[in-house]
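One structure below.
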Amino acid sequence: MVDTVRVRFAPSPTGALHIGGGHTALFNWLWARHTGGKFILRIEDTDRERSTQEYEETIMSGMRWLGLDWDEGPDTGGPYAPYRQSERLSLYRETADRLLREGKAYREGEAVIFKVPQGVSLAFDDVVYGQIQMLSDTLKDIVMIKSDGMPTYNYAAVVDDHAMEISHVIRGEDHISNTPKQLALYDALGWERPVFAHLPMILGKDKKKLSKRHGATSVYEYRDMGYMPDSVFNFLALLGWSPGDDLEIFSREEAAQMFDLSRVIKKPSVFDMDKLNHINQEHLKKLPPCERLALVEPFWREMGLPIDSHPREYLEASLTLLAGRGQTAREAAAYSDYFLDFGPVKERYESIEADGAQLEVLRRFNSELLALPEWNAEAMETFSREWSAANGVKMKDLAMPLRLCLTGMKVSPGVFEVAEHLGVREVRRRLEHYGVLQA
RNA sequence: GGUCCCAUCGUCCAGUGGUCCAGGACACAGCCCUUUCAAGGCUGCGACACGGGUUCGAACCCCGUUGGGACCGCCA
């Protein structure tokens with residue numbers, strides 16, 4: 001009997017790894033890791049027209065990106081190899097011949113077709129959906145081997161799940177109606193059935209099955225938008241499942257430990273970008289500086305910023321200063337460009353807006369600020385508060401123009417912290433450029 | 001059309017007959033903090049689709065209605 005859990009993710013290499021596919025893979029992975037079982041990757045490349053080696057590789061790297069490692073697969077091999085259906089043709093052939101000999105299947109053209117017995121109740125107990133039953137009379141005969149010699153999905157999946165000793169078939173709910181067909185096959189072959197667990201679908205905002213129309217659907221698009229794999233993992237795990245308490249931000253390991261198939265719900269869930277953003281921000285905040293830098297760096301590079309002319313410590317500190325600003329790595333990169341270069345600042349603002357009298361006040365203030373014996377945020381703030389009180393000028397009217405000159409933005413971390421981090425020389429350079437220092 | 005599935009705040013989840021005039025999170029609004037924006041803290045808005053049962057008692061069980069979804073390929 002089934003003593004060890006063996007689950008599989010069985011994508012067809014006809015496209016990149018989808019959010020839906022990632023969700024299915026994730027739940028299989030969680031169950032395997034939770035139970036100490038095996039997670040198997042099987043490539044279902046029986047569609048000669050659409051399957052490609054490139055897609056197979058993208059799917060695998062997509063899974064790696066999400067942190068879903070597999071124990072057996074086409075690249076790693078394993079005791080049930082090969083793991084690519086196109087390499088298991090003889091198995092399908094032999095099994096089909098057997099059914100042919102037993103009179104349970106027939107030929108039509110080059111194809112082999114399974115004759116569905118009539119009047120049979122095909123029922124199974126789904127781990128998440130419960131008892132599901134269908135009468136065999138509503139089923140048409142099932143094509144097992146196509147005219148091109150390749151097996152069909154419903155047939156190959158049964159043969160392989162049996163041969164690979166899969167204990168739990170965990171897949172999307174759209175496969176519920178396929179299950180009775182596969183049940184008929186298991187019965188005809190005299191094979192023991194695996195346990196079935198169907199997962200609720202992921203829907204778009206319009207409550208329709210998630211598709212290209214809904215925007216980004218491949219997991220890679222999320223990476224390119226600046227989402228962390230940990231966040232996408234966390235977010236996907238929360239679709240159709242929850243640990244039961246109010247814990248929402250967790251790691252892969254924590255999820256694997258808490259996960260249980262019996263806690264998966266039936267209701268389809270809507271993909272909510274706002275929630276993903278929030279989860280990403282939470283994970284971003286937890287990251288140590290060096291890892292955050294690694295995440296943001298590609299986006300800075302993409303923006304053409306001079307990364308290599310700054311020490312790593314400086315770059316890390318720049319991001320630490322951001323403290324929760326930005327929900328994605330891409331946003332964090334955009335919010336911090338002024339730390340790396342003066343260029344973007346100048347592009348945003350040609351000059352500050354101030355009339356003659358205001359300008360004179362700013363010139364005096366900035367000049368005195370630059371003359372401070374100690375160049376740190378605390379000293380600058382103390383000085384500024386005293387100066388503003390003494391001169392009857394609001395802090396705001398001193399800080400905002402300074403912020404504008406240094407960052408080119410109306411929003412930023414505390415402006416004195418920005419100034420400290422930029423360094424007195426750079427601050428002087430920027431203030432001089434805008435003519436807000438005394439001659 | 002046939003078959004199957006689903007139904008708690010706008011969204012994601014909690015809730016498995018009494019402790020629920022329903023709890024948390026996101027989003028939204030307001031307040032506090034404050035040199036700005038975030039972050040953080042506090043408050044608010046907001047749902048058991050409807051109708052019948054069963055029961056002393058129903059968000060939870062049963063039936064129906066309505067509304068959604070999936071599948072009906074020699075695609076997977």
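A note on names: the letters A, B, ... follow the listed sequences, proteins ahead of strands, and every chain is numbered from 1.
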By ring pair (Phe, Tyr, Trp, His ring centres under 6.0 Å) - contacts of A:W191 (at least two apart): A:H162
Touch class at under 4.0 angstrom, heavy-atom based, for A:P413 against every strand present: base
Between B:C6 and B:C42 - P atom distance, rounded Å: 39 Å
Pair A:F271 + A:H214: ring centers closer than 6.0 Å: no
Nucleotides 6-12 of chain B: protein proximity per nucleotide (B base, S sugar-phosphate only, - neither; heavy atom, under 4.0 Å): SSS--SB
A:F233 and A:W29 aromatic centres sub-6.0 Å: yes
Nearest-angstrom distance, C1' atom, B:C62 to B:A70: 25 Å
Per A:E381 side chain, nearest of listed nucleotides B:A76, B:U35, B:C72: B:U35
Proximal nucleotide (of B:A70, B:C4, B:C74) relative to the A:I176 side chain: B:C4
Evaluation steps, side-chain contact (heavy atoms from CB on, under 4.5 Å), between A:Y338 and A:V418: CA-CA 10 Å; A:Y338 50 82; A:V418 170; 4.1 Å; yes
Under-4.0 Å side-chain N/O to phosphate OP1/OP2 contact, A:R385 with B:U35: yes
Options B:C74, B:A76, B:U35, nucleotide nearest the side-chain atoms of A:S147: B:C74
Under 4.0 angstrom between A:S412 side-chain N/O and B:C37 OP1 or OP2: no
Any-strand Watson-Crick or G-U partner of B:A76, both distances under 3.5 Å: none
Which nucleotide in B:A39, B:C75, B:C74 has an atom nearest any side-chain atom of A:R50: B:C75
Sugar-phosphate, base or nothing in reach of A:N178, heavy atoms under 4.0 Å: base
B:C75 phosphate, OP1 or OP2, under 4.0 Å from A:K146 side-chain N/O: yes
From CA spacing to verdict: ring pair (Phe, Tyr, Trp, His ring centres under 6.0 Å), A:Y153, A:H175: CA-CA 11 Å; A:Y153 163 73; A:H175 285 290; 5.2 Å; yes
Sugar-phosphate only, base, or nothing, as touched by A:T14 at under 4.0 Å among non-hydrogen atoms: nothing
Closest listed nucleotide, where the reference is the side chain of A:T138 and the choices are B:U3, B:U36, B:U35: B:U3
Distance below 4.0 Å between A:R263 side-chain N/O and B:A14 OP1 or OP2: yes
Among B:C37, B:A70, B:A76, the nucleotide that comes nearest once only the side chain of A:V411 is considered: B:C37
Step-by-step side-chain contact (heavy atoms from CB on, under 4.5 Å) determination, A:Y155 to A:I145: CA-CA 8 Å; A:Y155 172 62; A:I145 307 280; 3.8 Å; yes
Any pair counted as side chain to side chain donor-acceptor pair (under 3.5 Å), so long as it reaches residues 226-241 of chain A, sequence neighbours left out: A:Y227-A:N277, A:D230-A:R252, A:S231-A:N280, A:N234-A:H283
Integer-rounded Å distance: B:U3 C1' and A:L183 CG: 15 Å
Nearest-neighbour nucleotide for the A:K208 side chain, B:A76, B:G69, B:U35 considered: B:G69
Verdict with supporting geometry, A:R385 and A:E381, salt bridge (Lys or Arg N to Asp or Glu O under 4.0 Å): CA-CA 6 Å; A:R385 289 202 184 285; A:E381 175 154 359; 2.7 Å; yes
Given B:C75, B:U36, B:C71, the nucleotide with the shortest approach to the side chain of A:R403: B:U36
Candidate nucleotides B:G40, B:C4, B:U35, ranked by approach to the side chain of A:K285 - the nearest: B:G40
